[in-house]
Amino acid sequence: MIHHLYCHIVWTTRDRESLIDAGLARFLCRFLRQIAREERAHVLEIGMVRTHVHLLARLHPMTNLTRLLQRLKGSSAAVAGKERHSTEGHDLRWAKGYAIRSVSPRALQVVREYLRAQPIRHPDAAIPGWMGDQGEYDPAGRDEWRSGLRRRL
C-alpha cells in the first residue's frame, strides 16, 4: 500500500505567553521529530515563534492522532522542564487543544513556505537567536509508506 497522508498541526503556549526561546526551539525540533517517528509519523517541517508551533507531518494510516498529539505536547513540556532546555529560564506549558488540517500533496510546498514564514508573519514573536528549522525531505522514491512486501520489490 502507498499512502500520502499529510497534515498541518498547530498548538499554542498556555495563555499565548512568549515561552519558546532559542534553547527550547532547538530542543523541540529534535524532540518532536523523535516522538513522531515513534508514533509512525514523520515531521517534514516545523514553523515556530515564541507563542506557537506549526508542524507539517506525514502520517501512516495507523497513526493514532490523539496519542501522537498527547505525546508531542505533554512529553515535550515535561522533558523540556526536567532537562532545563530554556535559555531564558522558562517553564514550557502548552494550552489545551490543537488545530489540525489535512494537506494535499500538491500543497506541501505552499505549507512549507507558510511555516518558514512564521517569524515574518509574527515579527513581535520571532525567536531571537534561532535560525529556523531545517526541513526534511524523504529520499527519492521513499516519500510514501510501503508494506514490507513492496519494499522488497
Side-chain angles (χ1 to χ4, degrees), residues 1-14 16-17 19-83 85 92-122 125-127 130-153:
M1 289 184 167
I2 298 174
H3 307 286
H4 296 279
L5 303 174
Y6 301 97
C7 65
H8 176 195
I9 307 166
V10 184
W11 69 88
T12 66
T13 58
R14 186 176 291 168
R16 295 208 43 115
E17 289 185 66
L19 299 178
I20 304 172
D21 55 36
L24 284 171
R26 286 188 290 273
F27 160 75
L28 287 169
C29 285
R30 287 189 313 270
F31 189 81
L32 297 175
R33 283 194 165 93
Q34 174 188 333
I35 294 299
R37 281 190 298 272
E38 292 172 9
E39 296 297 327
R40 298 180 82 174
H42 187 103
V43 174
L44 300 174
E45 196 84 37
I46 301 173
M48 204 175 327
V49 291
R50 294 181 64 87
T51 58
H52 61 277
V53 174
H54 290 257
L55 297 182
L56 173 61
R58 181 171 45 91
L59 307 175
H60 184 277
M62 298 302 292
T63 301
N64 181 331
L65 284 173
T66 303
R67 179 176 163 80
L68 172 64
L69 267 296
Q70 178 185 28
R71 291 198 62 207
L72 290 172
K73 291 176 62 181
S75 298
S76 63
V79 173
K82 183 177 181 181
E83 296 179 0
H85 287 280
L92 183 60
R93 294 189 195 124
W94 300 119
K96 292 181 180 180
Y98 53 88
I100 185 167
R101 291 188 174 23
S102 62
V103 176
S104 162
R106 291 185 187 126
L108 290 175
Q109 191 57 38
V110 171
V111 174
R112 283 180 183 275
E113 291 168 11
Y114 177 77
L115 270 57
R116 290 178 191 147
Q118 287 303 299
I120 296 164
R121 294 177 59 81
H122 306 281
I127 302 169
W130 184 61
M131 301 308 295
D133 176 49
Q134 296 296 316
E136 292 188 6
Y137 294 85
D138 292 315
R142 302 225 180 218
D143 61 345
E144 68 271 340
W145 295 91
R146 295 181 183 215
S147 72
L149 295 173
R150 295 256 326 184
R151 281 194 193 114
R152 288 183 264 162
L153 298 177

| field | CA sep, side-chain torsions, deciding dist, call: L115, D133, side-chain contact (heavy atoms from CB on, under 4.5 Å) | value | CA-CA 9 Å; L115 270 57; D133 176 49; over 6 Å; no
| request: Can you measure from NE2 (H42) to NE2 (H60) and round to the nearest 0.5 angstrom? | output: 14.5 Å
| Under the side-chain hydrogen bond (donor to acceptor under 3.5 Å, both in side chains) test, which residues partner T13, sequence neighbours left out? | none
| request: Just do the side-chain contact (heavy atoms from CB on, under 4.5 Å) check on L28 and L92 with the steps written out, would you? | output: CA-CA 11 Å; L28 287 169; L92 183 60; 4.1 Å; yes
| message | Closer than 3.5 angstrom, by distance alone: can the side chain of R112 be matched with the main-chain N or O of L44 as a donor-acceptor pair? | response | yes
| field | Residues in side-chain hydrogen bond (donor to acceptor under 3.5 Å, both in side chains) contact with H54, at least two apart in sequence or another chain | value | H8, H52, Q118
| Which residues satisfy the side-chain contact (heavy atoms from CB on, under 4.5 Å) test with R71, sequence neighbours excluded? | I35, E38, E39, R67, S75
| query | Got a sec: does the CD of E83 have more than 12 other heavy atoms crowding it under 6.0 Å? | reply | yes
| About how many Å separate CD1 of I100 and CG of L59, when rounded to the nearest 0.5 Å? | 6.5 Å
| salt bridge (charged side-chain N to carboxylate O under 4.0 Å, His left out) involving R26 - partner list, sequence neighbours excluded | none
| task | Let me see the working for L108 and E45 under side-chain contact (heavy atoms from CB on, under 4.5 Å), right down to the final yes or no. | result | CA-CA 10 Å; L108 290 175; E45 196 84 37; over 6 Å; no
| field | T63 side chain vs R40 backbone, donor-acceptor pair below 3.5 Å | value | yes
| remark: Residue pairs meeting side-chain hydrogen bond (donor to acceptor under 3.5 Å, both in side chains), one or both in residues 92-101, sequence neighbours left out, come to S76-W94
| request: State, to 0.1 Å, how close V43 and L32 come at their nearest heavy-atom pair, and which atoms those are. | output: CG2-O, 4.0 Å
| task | Return the set of residues passing side-chain contact (heavy atoms from CB on, under 4.5 Å) with A25 (not counting sequence neighbours), or none when no residue passes. | result | I20, M48, I127, W130
| field | Euclidean distance, Q34 CD relative to L72 CG, rounded to 0.5 Å | value | 11.0 Å
| request: Could you check if a side-chain atom of Y114 sits within less than 4.5 angstrom of a side-chain atom of L56, using non-hydrogen atoms only? | output: no
| task | Would you give the length of the straight line joining atom OG1 of T51 to atom CH2 of W11, rounded to the nearest 0.5 angstrom? | result | 13.0 Å
